[in-house]
Amino acid sequence: MEKIRITLPDQSVREFQSGVTGIEIASSISRSLEKEALAVSVNGKVRDLNLPVTSDSSLRIITFDSDEGREIYWHSSSHIMAQAIEELFPGTRFGAGPAIENGFYYDIDSPHSFTPEDFSKIEEKMKEISRRELDIRRRELSRDEAISFFKSTRPDPYKVEILETTIKEDDTVSVYNQGGFTDLCTGPHLPNTGRLKAVKVLSVSSSYWRGDASRQVMQRIYAITFPKQSLLDEHLFQLEEAKKRDHKKLGKQLNLFMFSPLVGRGLPVWLPNGTIVRRTLEAFLRDELLKRGYVEVITPHIGNLDMYRTSGHYPYYSESQFAPMKVEDEEYLLKPMNCPHHHQIYSNQPRSYRDLPLRLAEFGSVYRFEQSGELNGLSRVRGFTQDDAHIYCTHDQLKSELINAIELTQLVFKTFNMPVKTRLSFWDPENKDKYAGSPEMWEQSQQEILEVAQDMGLDYFIGMGEAAFYGPKFDFIVKDAIGRKWQLGTVQVDYVMPERFGLEYVGPENTKLKPVIIHRAPFGSMERFLSILIEHFAGNFPTWLAPVQVAVLPISDVFNEYAASVEKELAAAGIRVRLDLRNEKIGYKIRDWETQKVPYMAVIGGKEAESGSVAIRQHGQGDKGALPVSEFVQKLSSEIASRSLN
RNA sequence: GCUGGCAUAGCUCAAUCGGUAGAGCAACUGAUUUGUAAUCAGUAGGUUGCGGGUUCGAGUCCCAUUGCCAGCUCCA
């Protein structure tokens, strides 16, 4: 029989008989690799382990440690879950069941209405199917054969629809079979159901067949699986951690903000503690803006509807705005964005090229009608405040202004120790009529954005079809302390609004020219940013942001007077301090302030009163020893001024 | 908006088959004078989200409604 040469990732070359399978190659390398192998990549193409390799190839064994390995593992798991559900609840029909970032789901149409009580049954059945050690086998057949198979042999209208629409171009399709269960799938898949070791069904919710609200409602069952129980335990632990950080829960516990049905859904109310955090963030940004040549403005919360007709926002976005209100003979809109107001400030007076760039900044509150099902804590609200600014500049200034704006957002993320990736959001060239402005303008501004990203050495990628209707943008995607990704901050180029609003300036040649506008918001919205920050810090704000920075705790009322003098000294230095004179033991007071996540406690007893010092206790770290009061004030002041993360 | 789930004291939660709404913490009062994550005792706290219905009797069952949560759809 013919020999073939297989090149492994370490560049070693081994000879095998032609027709050797991936699993045989894995087992020739080591027992453990044989056990861990999920699929193979042959010349860059991912395939089933049990398919024969018949020519010289470069080959890589795929395990659970890689993204593609997890995807295959979870995709196969979704088939096993489908089989389990079919055995438990006959009559169920199956829609789509892909792997997702953390686990997988299957959209099903079933006479049974699933509740969390069914989860353990499904888990048990999945483990049972694993113990049956069923081979998972690929079979290729013509599309017509497949259609008749899913019409008569194994009736499933959803699979038929996929065959007749989504993949109608393909002549040959593949199905995978395990025991009595067969699913339409391109694969690849695990070789055997026995690979499934640990499983957790997580939740059930609803979805529409093909995401279309006019079509069949499906039940979507989410689950996750692992090749080892310990990996599942670890994952569940992390889910618990994320839950503990939930900003809605911490917002309540730390008295940061509230909601009231009487105020209205999606309309957050800021409590004194939350207001301190928010105002401190605003002050941080305002200082940085002023340093960078911005000027601050204030505009009203409503605007004449005609202004939004001019901007093109109305009626284009009317379904996501609060309905216009009629006043005398005019109509007004609760403002959904600040831009048009700022454009009016620009055109309030003639502008010369010498006036540019003009950088108008505003913490501007806007109102958008989000669908009720979309509302979520502070992350998705109907009234929020943007840290907005519009930069009006000449075309020559565009690049340096973009750099100026991007540097500010970078500073913000660095301050909170959040790693950031930049998405260059370009238009969708297949769908040009969604956008305003000429194709030439788009090509040009996208080119400029690309150059800026390269010049600044940004860690970037391109997102086709992610642009705003008026221009391309930079979007910043950050990672929080537990590795979750959030889209925050944006810098957008706009050639369209100057046109619509007839904005101009007088150039050096005494001709009228159009400025370019940059829209930018490093936080995006204060509300959403706060929600992310609360979860990022798990409520443990760094000292400069903490609502209360120090609690002064006398151990008995004998020391109240000295404690009050310490409080005074701290307060005089601008430190947010609280004096706890309650008639309680020191352990009680400490516990109470620890749960409030106050960064520092100054414990005061006889020794401290005598020596003019305080015993420092740091949140989460315990006793740090005594310091003279003046030194403590100095230490805190510098920690606050440097916005240290502790 | 759609689908599903949930709603009990300020907070976290209990209440068996439909049979007298309860605990811990917080609050208040008093005692205690305290050294690094909960001192002790007592008091008060409720139209069980709101509105209907079934029943001798509803926190519990049914209908409607408001809000919250998960997801879908949407996101200038």
Side-chain angles (χ1 to χ4, degrees), chain A residues 105 107 113-117 202-222 243 246 248-249 252-253 255 259-266 308 311-314 316-321 335-340 366 368-377 379-380 382 386 388 434-436 466-471 473 487 490 492 494 496-497 519 521 524-525 528 553-560 582-596 601-608 615-626:
Chain A
Y105 66 78
D107 280 348
S113 178
F114 286 84
T115 70
E117 279 146 39
L202 294 166
S203 63
V204 55
S205 71
S206 74
S207 65
Y208 301 108
W209 173 235
R210 315 203 123 182
D212 182 344
S214 67
R215 303 204 57 189
Q216 175 72 34
V217 173
M218 314 282 284
Q219 299 186 69
R220 175 170 296 181
I221 300 182
Y222 287 84
K243 231 186 199 169
D246 185 327
K248 298 181 285 287
K249 193 178 150 147
K252 192 178 259 184
Q253 188 190 331
N255 290 307
F259 287 91
S260 152
L262 276 183
V263 172
R265 300 179 75 176
Y308 300 104
S311 69
H313 288 106
Y314 189 88
Y316 195 81
Y317 287 106
S318 54
E319 78 288 351
S320 52
Q321 291 161 181
K335 79 171 170 189
M337 81 292 301
N338 303 299
C339 337
V366 299
R368 295 180 186 175
F369 183 77
E370 304 288 356
Q371 298 180 81
S372 57
E374 271 312 314
L375 302 175
N376 184 302
S379 13
R380 199 72 188 272
R382 285 180 175 163
Q386 294 177 310
D388 210 356
K434 265 173 68 183
Y435 304 93
E466 301 281 352
F469 79 89
Y470 49 72
K473 52 184 182 165
Q487 186 186 322
T490 175
Q492 315 182 348
D494 180 357
V496 172
M497 289 303 143
H519 305 244
S525 106
R528 194 170 111 87
L553 315 179
I555 64 174
S556 126
D557 57 15
V558 178
F559 311 111
N560 282 358
R582 288 177 298 178
N583 180 12
E584 294 289 352
K585 295 175 81 159
I586 192 65
Y588 177 93
K589 292 185 189 181
I590 285 169
R591 181 185 154 81
D592 204 29
W593 291 102
E594 284 283 352
T595 61
Q596 287 300 302
M601 293 174 222
V603 177
I604 284 166
K607 282 178 283 185
E608 289 75 22
I616 311 301
R617 189 191 160 93
Q618 197 171 349
H619 173 59
Q621 297 186 28
D623 196 347
K624 304 291 269 190

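Lettering of chains follows the sequences in order, A, B, ..., and the numbering in each one begins at 1.
Residues A/Arg368 and A/Ser556 each lie close to RNA chain B; by heavy-atom proximity, the contact nearer the 5' end of the strand is made by A/Ser556.
At whole-Å resolution of the value, CZ in A/Phe369 and P in B/C75 are 15 Å apart.
The listed nucleotides are B/G35, B/A76, B/U34; the one nearest the side chain of A/Lys607 is B/G35. Nearest nucleotide to the A/Ala615 side chain, out of B/A37, B/U36, B/U34: B/U36. Side-chain atoms of A/Glu594 lie closest to B/A37 of the nucleotides B/A76, B/A37, B/U36.
Contacts of A/Phe559 classified as ring-ring contact (aromatic ring centres under 6.0 Å, His included), with partners at least two apart in sequence or in another chain: none. For A/Glu594, the side chain to side chain donor-acceptor pair (under 3.5 Å) partners at least two apart in sequence or on another chain are A/Arg617, A/His619.
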Extract from the structure each pairing of a protein N or O with an N or O of nucleotides 43-47 of chain B at less than 3.5 Å, listing the distance.
none

N/O contacts under 3.5 Å, protein versus nucleotides 24-26 of chain B?
from, atom 1, to, atom 2, distance (Å)
B/A26, OP1, A/Tyr588, OH, 2.9

Name the pairs: protein N/O against N/O of nucleotides 68-71 of chain B, kept only if under 3.5 Å.
from, atom 1, to, atom 2, distance (Å)
B/C68, OP2, A/Arg265, NE, 2.6
B/C68, OP2, A/Arg265, NH2, 2.8
B/A70, OP2, A/Asn376, ND2, 2.7
B/G71, O4', A/Ser205, OG, 3.4
B/G71, O3', A/Tyr222, OH, 3.1
B/G71, O2', A/Ser205, OG, 2.9
B/G71, O2', A/Ser206, O, 3.1
B/G71, N2, A/Ser206, OG, 2.9

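At a threshold of 4.5 Å between non-hydrogen side-chain atoms, the residues A/Asn376 and A/Lys248 count as touching.
In this structure, A/Arg382 satisfies the cation-pi test against A/Phe369, with its NZ or CZ atom closer than 6.0 Å to the six-membered ring centre and inside 45 degrees of the ring normal.
Both key distances under 3.5 Å define a Watson-Crick or G-U pair, and stretches of 3 or more such consecutive pairs in RNA chain B run B:1-7 with B:66-72, B:10-13 with B:22-25, B:27-31 with B:39-43, B:51-53 with B:61-63.
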